[in-house]
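Computed from a predicted model, the values in this text were never measured in an experiment.
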Amino acid sequence: MIIKHISSKASGRPLFGIFENTEAQGLPDRVITLALTVFLLVAAIVTVSGTLYWVFNDYRPVPIMDEWSIIHAWVNAETGSGSAWLAAHHQHNEHRILVPRLFFFTDLKFFGGFGLFTLVILLLAHTLHTVVLTRVVFQTLPFNIYWKTAVTGFLFTLMFSTVQLNNLIWPFQIQIIGVFLFGTVTFLLLLKPQSSSIRTNLIIRTRHFLLGLISAMLASFTMSNGLLVWPVGLLLGVHRKWSAKKLAVFFFSGCLVWWLYLKDYESGVPFSRLLDQLPEKAWSLIQYSAVLLGTPLSPEWPDLALVIGMFGILIMTSFGILFVIDRKHVYFTTTGSRLFICLAVFCLTTALVTGIGRLDLGIRQATTNRYGTAAILFWIAAIGTLVTVDVRELKSRIRLDAVAVFLAIFSLIHVLTYQVKLDDYSRDWINRKQAGVTSILAGVVDLKYLTRLFPTPDRILRDSEFLREHRLSFYGSEIGQIVGQPLATFLGNGTTTNCEGYIDKISMISDGNTIGARIEGWAVDRATNEIPKMVVFANQGTVSGIGFSGRLRPDVEALYPGYLYAGWLGHATFLSGTELEAYISVGTENALCKLIDIHGD
């Protein structure tokens with residue numbers, strides 16, 4: 001049977017039969033092994049390709065939320081006498097995101113500020129992290145080619161699942177992807193044995209340790225939880241019985257980084273007050289952390305997420321204690337087991353620290369999609385610890401393997417189920433960007449949609465002028481060049497009446513001689529039977545605004561099945577007492593078709 005235990009020649013300890021060489025298995029086991037391998041490989045292909053589809057389908061060169069803060073810093077430096085590069089270490093909320101800012105500024109300086117450069121780096125970093133974890137498993141457990149394929153499929157499925165989609169579609173979240181990559185790399189480098197040859201140059205002999213210090217520093221200045229790499233690394237050093245000199249170098253390097261990080265640090269809440277409140281909020285903090293960690297395994301049921309998270313915290317806290325007292329290296333004997341317990345502790349402490357800063361927002365806030373990366377890595381580390389820790393007593397081995405398989409199956413079920421439910425999230429993300437950018441391009445100060453891009457619309461409008469002058473971000477794209485063009489520019493392919501659609505509502509945002517308005521309606525391209533992507537507004541022969549489709553319209557779906565998202569929203573200006581016209585591009589020849597205005601108020 002697939003779950004029978006055998007003795008692994010490579011490790012000398014009992015393992016699940018799923019790790020057995022296929023040559024030693026009977027026909028039923030070989031069939032199950034092959035079927036499971038194919039299933040996990042297909043799951044990985046579907047998950048990764050599906051997630052990448054969402055990532056690039058949702059991509060729009062429109063900054064959102066914290067990205068406007070990055071642009072603001074760049075604009076201030078470029079229009080003043082300072083340098084954005086020299087100010088990259090400045091505090092952003094509770095973080096010092098020096099490393100991410102270097103990528104953001106590189107994007108603005110050399111790649112037009114579209115965000116695509118940063119997004120690609122983010123995806124490459126996440127892929128590298130997945131490959132590193134996969135390689136560690138291969139080096140730790142005696143897998144054949146089938147199980148190497150299966151484990152690779154499992155890890156890629158979890159690492160690219162849409163339970164963390166926010167961190168994969170938003171370039172700004174390179175800080176989250178980066179800090180965990182640097183954390184894992186730090187632990188791996190610190191676990192590398194040091195050369196004992198006295199003939200070798202000192203730097204060469206200690207190169208892995210020195211690179212580990214550099215990686216820890218990069219983690220610290222990628223995101224605030226990167227500072228936790230230092231205490232976890234110190235714990236690893238004690239476990240590995242580093243020399244007093246090596247421990248001192250690591251400890252004082254960490255102290256230096258913490259000092260640099262906290263120098264001139266501004267906190268919204270005094271640290272002493274947090275410490276005073278901690279005892280009375282300890283249980284709530286644990287609950288928050290449990291929900292944060294459990295949500296990827298139960299994204300739609302917070303109560304179940306709480307139970308699962310508590311279970312994970314209990315297990316990994318127990319193994320963390322075992323790691324501390326395992327001075328004779330009885331249980332944690334391999335690089336894999338040591339890496340996974342360190343990664344689990346890093347993720348768990350990240351959840352706790354996040355809870356300290358976010359607890360007042362309510363436990364429900366712990367279900368936010370952006371915390372998915374820390375949680376997914378926690379469960380990967382938990383499963384990795386369970387299957388790599390060296391427990392030689394057969395019954396204990398059976399129990400640990402059973403828990404690991406349960407967690408693996410449970411996580412796969414929920415991750416794959418959630419993978420197909422992201423359509424609404426994706427559309428909301430796109431609509432937020434598109435509604436906001438049409439407001440900017442048309443010069444209509446629509447606070448309802450501008451504040452969905454950034455809480456301070458005035459800053460958006462000021463910094464957008466710089467973007468326009470230098471043709472950066474969306475102003476450097478095709479949509480940034482449309483408003484202000486003569487309508488005749490778009491009439492080269494003629495006009496047609498082969499469309500359906502209306503202007504349903506015009507909401508006045510600003511009044512006077514020039515009126516700014518938010519316009520809503522729907523449209524269908526009858527030439528191709530598709531929903532047009534964009535609507536162009538014209539006034540007095542000039543394009544005065546644009547709109548984008550993709551908004552929910554069940555009333556249109558009732559009349560025209562298949563056109564549920566035929567609704568559009570945009571912004572435009574027009575002179576008082578004149579007609580505002582709306583057009584869509586129709587057919588393969590892109591002829592313009594005028595929509596009917598049924599509401600003028």
Next item on the list: Determine which pairs satisfy salt bridge (Lys or Arg N to Asp or Glu O under 4.0 Å) with at least one residue from residues 151-180, sequence neighbours left out, and list them in order.
Entry: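 Output for this query is empty, none listed.
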
Item checked: Sequence neighbours excluded, every pair satisfying salt bridge (Lys or Arg N to Asp or Glu O under 4.0 Å) that has a member inside residues 83-109 ->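 Residue pairs with at least one partner in residues 83-109: Glu94-Arg358.
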
Notebook entry, point to check: Taking atom types as modelled and ignoring hydrogens, do the side chains of Gln365 and Tyr288 form a donor-acceptor contact shorter than 3.5 angstrom?
Noted result: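 Judged by distance alone, the side chains do pair up.
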
Checklist line | Short side-chain donor-acceptor distance under 3.5 Å, Thr184 and His129 | finding: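 Yes, side-chain donor-acceptor contact under 3.5 Å.
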
Notebook entry, point to check: Which residues pass the side-chain hydrogen bond (donor to acceptor under 3.5 Å, both in side chains) test with Thr51, sequence neighbours left out?
Noted result: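 Counting only residues at least two positions away or on another chain, Thr51 forms a side-chain hydrogen bond (donor to acceptor under 3.5 Å, both in side chains) with Gln419.
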
Note to self: Please enumerate all residues that pass side-chain hydrogen bond (donor to acceptor under 3.5 Å, both in side chains) together with Ser253, with sequence neighbours excluded.
What the structure shows: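 For Ser253, no residue satisfies side-chain hydrogen bond (donor to acceptor under 3.5 Å, both in side chains) once neighbours in sequence are set aside.
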
List, one per line, each side-chain donor-acceptor pair under 3.5 Å for residues 120-128, sequence neighbours excluded.
| unit_1 | atom_1 | unit_2 | atom_2 | d |
| --- | --- | --- | --- | --- |
| His126 | NE2 | Met159 | O | 2.6 |
| Thr127 | OG1 | Leu123 | O | 2.8 |

Note to self: Under a 3.5 Å distance rule, please check whether Ser243 uses its side chain to pair with a backbone N or O of Lys246 as donor and acceptor.
What the structure shows: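 Yes, because the side chain of Ser243 sits within donor-acceptor range (under 3.5 Å) of the backbone of Lys246.
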
Output all residues satisfying ring-ring contact (aromatic ring centres under 6.0 Å, His included) with [X], sequence neighbours left out; order by chain, then residue number.
{"X": "Phe221", "value": "Tyr261"}
{"X": "Phe406", "value": "Phe410"}
{"X": "Phe378", "value": "none"}

Next item on the list: Only one of Val238, Leu236, Val389, Thr385 passes side chain to side chain contact (heavy atoms under 4.5 Å, CB included) with Phe323; say which it is.
Entry: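 Running side chain to side chain contact (heavy atoms under 4.5 Å, CB included) over Val238, Leu236, Val389, Thr385 with Phe323 returns exactly one hit, Leu236.
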
Does any pair with a residue in [range] pass side-chain hydrogen bond (donor to acceptor under 3.5 Å, both in side chains), and if so which ones, sequence neighbours excluded?
{"range": "residues 230-239", "answer": "Ser220-Trp230"}
{"range": "residues 314-329", "answer": "none"}
{"range": "residues 337-348", "answer": "Thr334-Ser337"}

Next item on the list: Classify the angle between the aromatic ring planes of Phe143 and Phe138 as parallel (below 30°), tilted (30 to 60°) or perpendicular (above 60°).
Entry: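 Rings of Phe143 and Phe138: perpendicular, as their planes differ by over 60°.
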
N/O donor-acceptor pairs under 3.5 Å from side chains in residues 169-176, not counting sequence neighbours:
| unit_1 | atom_1 | unit_2 | atom_2 | d |
| --- | --- | --- | --- | --- |
| Trp170 | NE1 | Glu67 | OE1 | 3.3 |
| Trp170 | NE1 | Glu67 | OE2 | 3.3 |
| Gln173 | NE2 | Asn166 | OD1 | 3.4 |
| Gln173 | NE2 | Asn167 | OD1 | 3.1 |

